[in-house]
Protein chains: 2
Amino acid sequence: MRVTYKEVKADILAKIVRGDWGPGELVPNEMDLTETYNCARATVNRAMRELADEGIIERRRKAGTRVRETRILQAKFDIPVLRNEIEALNAEYRYSLVSSSVENAPDWLRARLQLPKAADVLHLICMHYADGNPYQYEDRWINLDALPQAREIDFSKLGPNDWLMSEIPYSEAEISFSAALADKEMTEFLECAVGDPIFIVERSTWHAEQAMTYVRLSHKPGHRMTTRY
Amino acid sequence: MRVTYKEVKADILAKIVRGDWGPGELVPNEMDLTETYNCARATVNRAMRELADEGIIERRRKAGTRVRETRILQAKFDIPVLRNEIEALNAEYRYSLVSSSVENAPDWLRARLQLPKAADVLHLICMHYADGNPYQYEDRWINLDALPQAREIDFSKLGPNDWLMSEIPYSEAEISFSAALADKEMTEFLECAVGDPIFIVERSTWHAEQAMTYVRLSHKPGHRMTTRY
DNA sequence: GAGTGGTCTAGACCACGTT
DNA sequence: ACGTGGTCTAGACCACTCT
């Protein structure tokens, strides 16, 4: 049978795992491996390229390919649309708009999104429920200079995330995770106690060099975000 | 000049972003695109494959290629070795072993790592500092059935993570992020107040079907984990 | 059965970066 | 200067899966 890039990749990885090629060591070049595995260079290349993408090896022209000294740990999280996430738990999803107002962007938001002075933003507070239980508290700010049409949208039925995904399906974003304490207001919506630990996700979204939206998502106490690799 | 897969990829993405091909719509097949871009099929294939890897499009034999209905948001975090992370902040890294003891694995740990009854584990508490300030509190458990040589290691100089990376550089892992409150003991090490919100990272590591280690990392209040995409 | 993507081959040229 | 990886080509066969 013909040699597949997956076989080559698995064999190279096995050699690294076994320690045949230790950290920092030079891996044979593509032409040599072509003979080792008796296959075309493109096959070896794809195997090596994927290993490099996964952070197992490091490749440099002329210098060759080496096993990485320290494995870069990569954790990839798939962040599904909230409705799907909740329905995947066999729970019923419910959305509710708490408040909506046009405001002047506060300073901290202007700084974060690099907005001009006196920029108008749409400030939404929303709740997301799973089987009727509070799941996520959404504090959303939309840049009305960039998305003036947001003024006319009725967000009592359609969640801002769903609307934004339809307006700007592809965008640049910065995500960060952190921990915070539930404040007075949040305790009411999340049905928890003041001072409970809250897992926070923040996301700023950009499109065509312009800030579109910033959102701060506060999760019910005990929320975990998990991934395998 | 020759057409590169990057150009093809960028152009296809631009068409999707502009809405020429909307969510759920069929994208032309590879042979057609080969003519559109006047290049080899392998070039189109690589462009499309990468877009599929990034969750932009969905490909199925015979059925063709479609723009994804709902973009899967993927957040990829590079988790560097702590020393590197701290030194990247231009801070001096310092490590300290707080305690070390061989114990019988508590029930919650046995359940998590699927350990047999009466399994011995090495329990380490360590601190990591940046410029002398507490940065991370490490609560580490090592499965001594799988790694008996850990009994003989002096962890007062070498951090358990560094040692484990040298023993089992490649492994399966489960990572999770959550929020918790600082308890009495932690406040002393992290120099914070009881009830401060703490960002928690937990990681269970497996190798050859066997649990190697579980670690719970508690970060100083205010810690954030950030990524862009 | 037939259309589509998945992959391999053999050869070629080129860009980069080390020497 | 030259060795290595990065990429493109043109053609081929195959695997999957929809109809």
Side-chain angles (χ1 to χ4, degrees), chain A residues 1-16 20-72 74, chain B residues 1-16 20-72 74:
Chain A
M1 189 193 128
R2 284 168 112 154
V3 177
T4 69
Y5 83 90
K6 286 183 183 172
E7 291 166 345
V8 174
K9 182 179 170 184
D11 191 70
I12 293 174
L13 183 56
K15 283 196 167 69
I16 293 173
D20 295 2
W21 300 328
E25 266 181 57
L26 209 53
V27 172
N29 68 31
E30 296 192 348
M31 284 310 295
D32 289 349
L33 290 173
T34 280
E35 288 183 21
T36 304
Y37 295 110
N38 189 32
C39 67
R41 196 185 140 212
T43 305
V44 172
N45 181 271
R46 178 153 181 201
M48 301 274 270
R49 180 156 38 80
E50 291 199 357
L51 289 170
D53 287 345
E54 291 164 22
I56 312 278
I57 58 178
E58 235 172 343
R59 320 195 73 193
R60 274 153 65 209
R61 285 161 146 125
K62 167 73 181 177
T65 299
R66 292 174 182 280
V67 179
R68 281 203 114 94
E69 289 282 355
T70 59
R71 175 92 149 82
I72 295 179
Q74 296 175 330
Chain B
M1 187 194 130
R2 286 170 113 155
V3 178
T4 70
Y5 82 91
K6 286 183 181 171
E7 291 166 345
V8 174
K9 181 179 170 184
D11 191 71
I12 293 174
L13 184 56
K15 284 196 168 69
I16 294 173
D20 295 3
W21 300 328
E25 265 180 58
L26 209 53
V27 171
N29 68 31
E30 295 192 349
M31 284 310 295
D32 289 349
L33 290 174
T34 280
E35 288 184 19
T36 303
Y37 296 110
N38 189 33
C39 67
R41 196 185 139 213
T43 305
V44 172
N45 181 272
R46 178 153 180 200
M48 301 273 270
R49 180 155 37 80
E50 291 197 357
L51 289 170
D53 286 345
E54 291 164 23
I56 312 279
I57 58 178
E58 237 172 342
R59 321 195 73 194
R60 273 154 65 211
R61 286 161 146 126
K62 167 71 181 178
T65 299
R66 291 172 183 282
V67 179
R68 279 203 116 95
E69 289 283 355
T70 59
R71 176 92 149 80
I72 295 179
Q74 296 175 330

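Keep in mind that this is a model prediction, so the values were computed, not measured. Convention: sequence-line order gives letters A, B, ...; per-chain numbering from 1.
- Between the CG atom of B/Asp32 and the C1' atom of C/dG3 there is a distance of 12 Å, given to the nearest Å.
- Listed nucleotides: D/dG3, D/dC18, C/dT7. Nearest to the side chain of B/Ala63: D/dC18.
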Inset, instruction - Might you work through the salt bridge (charged side-chain N to carboxylate O under 4.0 Å, His left out) test for A/Glu30 and A/Arg59, ending with a clear yes or no? - result: CA-CA 11 Å; A/Glu30 296 192 348; A/Arg59 320 195 73 193; 2.8 Å; yes
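- Between A/Cys39 and A/Val8, the closest heavy-atom pair is SG-CG2, 4.4 Å.
- Taking atom CZ of B/Arg61 as the reference point, atom P of C/dT4 lies 14 Å away to the nearest angstrom.
- If you check C/dG5, D/dT7, C/dT9 against the side chain of B/Tyr5, the one that comes closest is D/dT7.
- Using a 4.0 Å cut-off, some side-chain N or O of A/Asn45 falls inside it from OP1 or OP2 of D/dG6.
- Side-chain nitrogen and oxygen atoms of A/Thr65 include at least one within less than 4.0 Å of the OP1 or OP2 phosphate oxygen of D/dG5.
- Taking a cutoff of 4.0 Å between a charged side-chain nitrogen and a carboxylate oxygen, A/Glu58 and A/Arg68 qualify as a salt bridge.
- Remark: P of C/dA10 and CD of A/Glu35 are 12 Å apart, rounded to the nearest angstrom.
- A residue-by-residue look at B/Val3 and A/Gly64 shows that A/Gly64 has its nearest nucleotide of DNA chain D further toward the 5' end.
- In this structure a side-chain-to-backbone donor-acceptor pair under 3.5 Å is missing from A/Arg41 to A/Met31.
- Of the residues B/Asp32, B/Asp11, B/Thr43, the one that meets the side-chain hydrogen bond (donor to acceptor under 3.5 Å, both in side chains) test with B/Tyr37 is B/Asp11.
- Under 4.0 angstrom from either OP1 or OP2 of C/dT7 there lies no side-chain N or O belonging to A/Thr43.
- Heavy atoms of B/Arg41 sit under 4.0 angstrom from at least one base atom.
- When each of C/dC8, D/dC2, D/dC18 is scored by its nearest atom to the side-chain atoms of B/Arg60, the top-ranked nucleotide is D/dC18.
- The CD-P distance, from A/Glu50 to C/dC8, rounds to 10 Å in whole Å.
- Along DNA chain D, the nucleotide nearest to A/Lys62 and the one nearest to A/Arg2 differ in position, and the one closer to the 5' end is contacted by A/Lys62.
- In this structure, OH of A/Tyr37 is placed 14 Å from P of C/dC8, rounded to the nearest angstrom.
- Between B/Met31 atom CE and C/dT4 atom C1' there is a gap of 11 Å when expressed in whole angstrom units.
- Rounded to whole angstrom, the span from the CG atom of A/Leu33 across to the C1' atom of D/dT4 amounts to 12 Å.
- What separates CD of A/Glu30 from C1' of D/dG3 is a distance of 12 Å, to the nearest Å.
- Proximity note for B/Arg46 (side chain, C-beta onward) versus D/dG6, D/dT7, D/dA15: the nearest is D/dT7.
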